[in-house]
Amino acid sequence: MKTLFLALLASTVLAQETEGTDSTPVGPLQDSDTRCPPGAPQEPTAPPDISTALSLGSKASRDSAIVIGNEDYAWLSDASHAIDDANAFRDLLLKTVGVPTWRMRFLTEANRREMRRGLKRAVSRVRRKGTLWVYFSGHGLDTGLDNGPALLGEDYDNSQESARTGLLFLQEALELLAKSRAERVVVIIDASFNGRGRNGEPLFQPGTDIGNDAEAGPIRLSNECPRNDAAETTASTEQQADCQQQEPAREDPFTLRVPGNLALWTATRGSEDAEIFADHGLFTYLVVAAMRGWADGYPGNEPDGMVTLGEAQDYVSSAMSRLGRLQLPSNHDPGSKKNWVLTKGELEAAPPDQLFRQLSLQYLDQMLRQQEEQLLENAVASWERAFSAASEGNDDGRLALEDFIEDNEHLVVNVEWAIHSPLLDQARQLLSTYGEWQEQQKPGSDGTPAGGSQPEETSEPGRYDSGGDTGQQPTPPQDNSCDDLERLETQAMEGTLREAQTACLQERFSSTRKITTKDKISRLLLVNAEGSGNKQLWESLLKRHLSEIDQSDPDMCFKYSVFLSRRGLSRADEVIKWAGRALENKDEWTGAEHAKKVYLLHRLRAEAASELWTEAEERYLSERTLQAEQRAETLRGNAKELTKAWLDYARASGQDDSSALALCLAAAGTMEFCAE
């Protein structure tokens, strides 16, 4: 943050030439004199457009969402561009994330009752393992010690009655959302809570005739203060005001209990203003941009086609300072939630840093010009008064002119402008991998850091540069060959194959024609990926193995089916396919292993088929087309067949059949079909 001082010399030629007179008493400035001519304007740099959503074809059929935009407040200043924000975030969820339209609730100019009802509806519509998305753009308010921050309904008027009927307290909303069956809940709030609206305008305009004295600011609510309303008056207005005045101001309004499956992300930390940028709230613009792909890999990592919550939050905070803005978003109790994937697919690349630099300087120039214009306007008004006094021709006029000159001789502009240090990005990158880096810094047996670089080879074969006479034995180069596959098995099981070794194995896999060798190499790479915990790599390797080498291994098909079943409805067809492949070779299992795995495979197929049918049925109820009806009927038939197969096996093997029976009855609609 840096304070810039621009000294503006406010010297104005006030002489006015008239016919027959060398000079006349000066008069008020005319309209053409009220501005200093600016320099030649340059074409402004336009921020990238984020209002047109990025379509990825994703399907988040388990998710539900509620998006609220409150802009046109009846009794308060407007929340500029809140509707634009809500539209942009709604389109992001529908087209980029893939939330179904029939699971989306979109509200504008909503009051407390409508917001609560919308939240309840979103809670009821999210499915297990799904994400519940909650977004709000508008005004917020820190209401005091006990009640905490709240979102303002469009009819909130700052009265005591409205404190109960026009506010949706954040803690109240979080507790309601905690009752959902969602695997995760993402709450994003673009609002300030400091009694000011967007870009610092006061919420309560002076002189507005509302339920409370607007000039006194927002009502502070606390159980410590006596109530004062129409229903129950227990204290005078003076007592109420005294009580509120004595309450200490809270430094942090966000003293909230955040459930473990919920991530709360707010535009400010309580004291700052929520700013506007590119016809949107600054926070919303950057959150949408981050989820479009700008945050993929931030900070300093290779993009992997996924944006996590942690990447998005770090990116937004960094981008705000790179744009010169002082706003600080708040990430409440992030913890392990930073690894939540928000968007994935063919994402959009982030714009170059130079664009942010240009936009930041543009913002600085805009602030300087605005303050310059304001100071000159004030000088004009001051001059009108001074000239009027001088026109009286007495000593008061002389004093007025002297005061005007003293007050306006050197006008100063003070601008607060954020400066972004690139070192912040390095710090964030190091923090994201601090555990690994810390391990590398531990000294090895020779006293050097474990992560230290290996000695470089000299030009002479078999000799190594020890870096001088250190008294230490030279370290031989690492063996990255992959000819002996058995030698690499132990490393692979531990997930510690080096990058050069895996590259060698990949090259050998591609070059060999022997299917048995391909099989061994592929299994080695699979074991290493699993041992290292790289699920994305493991999935791609297993998919390649099953499609190019062998589909007859029931264990591989079984593991792949279980893995896919945890990836949601979008992978349901693949679950059915690979569970079926495993069942084709189930005879390779025996005893308890056979019964357990076959039961689970039948269950995975039945549940996937039921989810596909349920989704198709909901789509048909929403669209009412012949094509949708036929698809729903086809998938229902498949669900009936696979749920009955699961039920039959459960009964034959003496295992629990209650869940299988419930699914069978749901698909068939009659007990006759599901009877023994």
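Worth saying up front: this structure is predicted, and the values here are computed from it rather than measured.
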Subject >> Test item: Ser51 and Asp84 side chains (from C-beta on) under 4.5 Å apart, heavy atoms >> reply: no
**OP:** Could you check Tyr135 against Asp85 for side chain to side chain contact (heavy atoms under 4.5 Å, CB included), going step by step and ending with a plain yes or no?
**Re:** CA-CA 10 Å; Tyr135 173 85; Asp85 288 347; 3.1 Å; yes
Original post:
Is there side-chain contact between Val316 and Tyr298, with at least one heavy-atom pair below 4.5 Å?
Top reply: no
Subject >> Considering all heavy atoms, the nearest Met306-Asp296 contact >> reply: O-OD1, 2.8 Å
**OP:** State, yes or no, whether a side-chain contact exists between Ile83 and Glu109 at a heavy-atom distance under 4.5 Å.
**Re:** yes
Original post:
Can you tell me how far the CZ atom of Phe404 sits from the CD atom of Glu384, to the nearest 0.5 Å?
Top reply: 10.0 Å
Original post:
Is it the case that more than 12 heavy atoms not belonging to Arg257 sit under 6.0 Å from its CZ atom?
Top reply: no
**OP:** Show your reasoning for whether side chain to side chain contact (heavy atoms under 4.5 Å, CB included) applies to Leu323 and Tyr363.
**Re:** CA-CA 8 Å; Leu323 288 170; Tyr363 170 63; over 6 Å; no
Original post:
Once you round to the nearest 0.5 Å, how far does CG of Asn111 lie from CG of Leu152?
Top reply: 12.5 Å
**OP:** Would you check if the side chain of Gln371 reaches a backbone N or O of Val413 as a donor-acceptor pair within less than 3.5 Å?
**Re:** no
Original post:
Quick one: is the NZ or CZ of Arg322 closer than 6.0 Å to the six-membered ring centre of Tyr315, and within 45° of its axis?
Top reply: yes
Original post:
Within the side chain of Ser77, is there an N or O that forms a donor-acceptor pair under 3.5 Å with the backbone of Pro202?
Top reply: yes
**OP:** Could you pull out the closest heavy-atom pair between Gly140 and Leu203, with the gap in Å?
**Re:** O-CD1, 3.9 Å
Subject >> Value rounded to 0.5 Å, distance of NZ in Lys95 from OG1 in Thr52 >> reply: 7.5 Å
Original post:
Measuring from Asp63:CG to Arg103:CZ, what's the distance to the nearest 0.5 Å?
Top reply: 9.0 Å
Original post:
Between Glu71 (side chain) and Ala82 (backbone), is there a donor-acceptor pair under 3.5 Å?
Top reply: yes
Original post:
What is the distance from atom CZ of Arg292 to atom CH2 of Trp294, rounded to the nearest 0.5 Å?
Top reply: 7.5 Å
**OP:** List the atom of Leu119, the atom of Ala173, and the distance in Å for their closest heavy-atom pair.
**Re:** CD1-CB, 3.9 Å
Original post:
Ignoring hydrogens and geometry, is there a side-chain-to-backbone donor-acceptor pair from Arg184 to Thr131 under 3.5 Å?
Top reply: no
Subject >> Nearest-0.5 Å distance, CG of residue Leu264 to CG of residue Leu177 >> reply: 10.0 Å
Subject >> Heavy-atom pair of closest approach, residues Ala53 and Leu92 >> reply: CB-N, 4.1 Å
**OP:** Could you tell me whether a side-chain N or O of Lys337 sits under 3.5 Å from a main-chain N or O of Leu262, the two making a donor and an acceptor?
**Re:** yes
**OP:** Report yes if some heavy atom in the side chain of Phe356 is under 4.5 Å from a heavy atom in the side chain of Ser321; otherwise report no.
**Re:** no
Original post:
Does any non-hydrogen side-chain atom of Pro149 lie less than 4.5 Å from one of Leu256?
Top reply: yes
Original post:
Should Leu282 and Met320 count as side-chain neighbours, where that means a heavy-atom distance under 4.5 Å?
Top reply: yes
**OP:** Report the C-alpha distance between Trp265 and Leu309 in whole Å, list the side-chain angles of each, state the deciding distance to 0.1 Å, and finish with yes or no for side chain to side chain contact (heavy atoms under 4.5 Å, CB included).
**Re:** CA-CA 10 Å; Trp265 192 10; Leu309 178 63; 4.1 Å; yes
Subject >> Stepwise side-chain hydrogen bond (donor to acceptor under 3.5 Å, both in side chains) check, Asn158 with Trp75 >> reply: CA-CA 8 Å; Asn158 200 36; Trp75 303 102; over 6 Å; no
Original post:
Under 6.0 Å from the CZ atom of Arg357, do we count more than 12 heavy atoms belonging to anything else shown?
Top reply: no
Original post:
Is there a side-chain contact between Gln362 and Gln366 (heavy atoms, below 4.5 Å)?
Top reply: no
Original post:
What pair of heavy atoms forms the shortest contact from Tyr285 to Pro47, and how long is it?
Top reply: OH-CB, 3.6 Å
Original post:
Of Val134, Leu132, Val123, which is the lone residue that meets side-chain contact (heavy atoms from CB on, under 4.5 Å) with Ser64?
Top reply: Leu132
**OP:** Compare all side-chain heavy atoms of Leu94 with those of Thr101 and state whether any distance is below 4.5 angstrom.
**Re:** yes
**OP:** Mark yes or no for whether Thr343, through its side chain, and Met291, through its backbone, hold a donor-acceptor pair below 3.5 Å.
**Re:** yes
**OP:** Given side chain to side chain contact (heavy atoms under 4.5 Å, CB included), test Asn70 with Met115 step by step and report yes or no.
**Re:** CA-CA 10 Å; Asn70 282 355; Met115 290 191 289; 4.2 Å; yes
**OP:** Can you see which heavy atom on Ala88 is nearest to which on Ile50, and at what distance?
**Re:** CB-CD1, 4.3 Å
